Amino acid sequence: MKKHLETRAMFAGYRPSDAQMAVKPPMHPASTFVFPDARTGAAHMETAYGVEGAETPPEGFIYSRLGNPTITMAEQRLAAWDDSEDAALFGSGMAAISTALLAWSDAERPVWFVGPLYGGTHHFLEEVLPTMGRSVTEIDHLDQLDPTLEDLGGQRPGIIYLETPANPTMQIQRIRTAAEWAAQHSTEDHRIVVMVDNTYLGPILQRPLEQGADLVLYSATKYLGGHSDLIAGGASGEADVVAKVKEFRTFLGGTIDSWTAWMLARSMETLHVRVEHQQRTAGHVLNHLRELCGAENVKSAWSNDLATMGQDVATAEAQQRGGGAMIGLHVPGGREGAFAFLDALEVFKLAVSLGSTESLAEHPASMTHAGVPAEVKARTGITESFVRLSIGLEHPEDLVNDLTHAWKVAESVATLAV
Ligand SMILES: Cc1ncc(COP(=O)(O)O)c(C=O)c1O
């Protein structure tokens, strides 16, 4: 009988018999690996470089930029959580995202993306990728796929890229719509690859591959790592989709290092426990915030809030296993009120990033999304009064008290300003 996900993920990528029956995997810091003989070395290297007529090498490692036993162990653990054929780990979420986008796009394979996206991804797509010979088109909504194809004279995309729920505004995209459209418009020599950034919920709460996505991307710095003590990224999916991403990783050089991979693998053992607890606490905090601040000022990927925001609740309920632990809040008094609110927090730490054991708060308009054009911020609701909260593992009452105090401070700042 196939074991449950949590059970499979616990030992994914490692058997105690691999390392003298140690219950936990060792960490391999080696940068390079000894070839048994020159012929095998040549087979490894010529295959890695795609040299015609190369001999197929035996299983084994060459050099840690291409992979090593610790990295493979952590990759297998991510693949287990996603139930994917393979996964690739990187030195950051941006390394994973930029490498995947470069791997599957070229002059004949434009990128279409549905905003809003994480600010760094948005910047890479709008400012960097076009300088590398890729055309990039933003579409407002997935119902615009057909009209976009017509506007672009029938040129199909190589990639459809989305993030759902979006950081930080919680817009929901129906992954299946993108996947079905991509399947209909793909041909043998032109596969349209649907990529989904699943950082905000992670594999416990949302499983994009089961909704038809081809590649799921992560800032593993967030829930997968989840302790604010490492920077990493991940890409997970079908073996041939990931293989191309790994090929580009070899030459762009964004591979994760062994120590970080080991830490990440360790963190992934508690992923479900952390995320489920954080989600429960977020539910408690949200109930309180809707009362205190007015439901119209609260944003989250929970059904109640999505309904207030006019978002597609049915889609969220179909593709998510809960609303997660991220909250957006419109604070009175514009930027001044938002800053007073953030400065008044004591339990929440004022820092960018999210998905960690400690609760964090930040001001997207001037911090994580500072580089997003003003027009895009206005269109997507990243206003001066908007703050983002990431719920950690502290006691819910302490979080509620902290937020209540900060809200009152912001209200008094807003009243003084009138
Ligand atoms: C949704 C999302 N995707 C990607 C990234 C980039 O990840 P990293 O900071 O690990 O490069 C972030 C970072 O905040 C993010 O929030």
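We count ligands from 1, going down the list as the structure has it; atoms in each ligand are counted the same way. Predicted model only: the values in this text are computed from it and were never measured. By convention here, the first residue in the shown sequence is residue 1.
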Peer 1: Taking the ring of H122 and the ring of F113, is the distance between their centroids below 6.0 Å?
Peer 2: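 Yes, close enough.
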
Peer 1: Should R109 and D106 count as an ion pair when the cut-off is N to O under 4.0 Å?
Peer 2: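 Looking at D106 together with R109, the answer is no, because their closest N to O distance does not fall below 4.0 Å.
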
Peer 1: Taking side chain to side chain donor-acceptor pair (under 3.5 Å) as the test, write out the residues that go with D214, two or more places apart.
Peer 2: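 If we apply the side chain to side chain donor-acceptor pair (under 3.5 Å) test to D214, skipping adjacent residues, the hits are R191.
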
Peer 1: Is it true that E375 and R379 make a salt bridge, defined as a side-chain N closer than 4.0 Å to a carboxylate O?
Peer 2: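 Answer for the salt bridge query: yes.
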
Peer 1: Note down each nitrogen or oxygen pair, ligand 1 side and protein side, whose separation is under 3.5 Å; give only atom names and the distance to 0.1 Å.
Peer 2:
{"from": "ligand 1", "atom 1": "3 (N)", "to": "D197", "atom 2": "OD2", "distance (Å)": "2.7"}
{"from": "ligand 1", "atom 1": "7 (O)", "to": "S219", "atom 2": "OG", "distance (Å)": "3.1"}
{"from": "ligand 1", "atom 1": "10 (O)", "to": "G93", "atom 2": "N", "distance (Å)": "2.9"}
{"from": "ligand 1", "atom 1": "10 (O)", "to": "S219", "atom 2": "OG", "distance (Å)": "2.8"}
{"from": "ligand 1", "atom 1": "10 (O)", "to": "T221", "atom 2": "OG1", "distance (Å)": "2.7"}
{"from": "ligand 1", "atom 1": "11 (O)", "to": "G93", "atom 2": "N", "distance (Å)": "3.0"}
{"from": "ligand 1", "atom 1": "11 (O)", "to": "M94", "atom 2": "N", "distance (Å)": "2.8"}
{"from": "ligand 1", "atom 1": "14 (O)", "to": "K222", "atom 2": "NZ", "distance (Å)": "2.8"}
{"from": "ligand 1", "atom 1": "16 (O)", "to": "N167", "atom 2": "ND2", "distance (Å)": "2.9"}

Peer 1: Give a yes or no on whether the backbone of G324 and the side-chain of W302 come within a donor-acceptor separation of less than 3.5 Å.
Peer 2: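 A pair under 3.5 Å: yes.
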
Peer 1: So does V245 get a backbone contact from the side chain of T99, meaning a donor-acceptor N/O pair under 3.5 Å?
Peer 2: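 Checking the backbone N and O of V245 against the side chain of T99, no donor-acceptor pair under 3.5 Å is found.
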
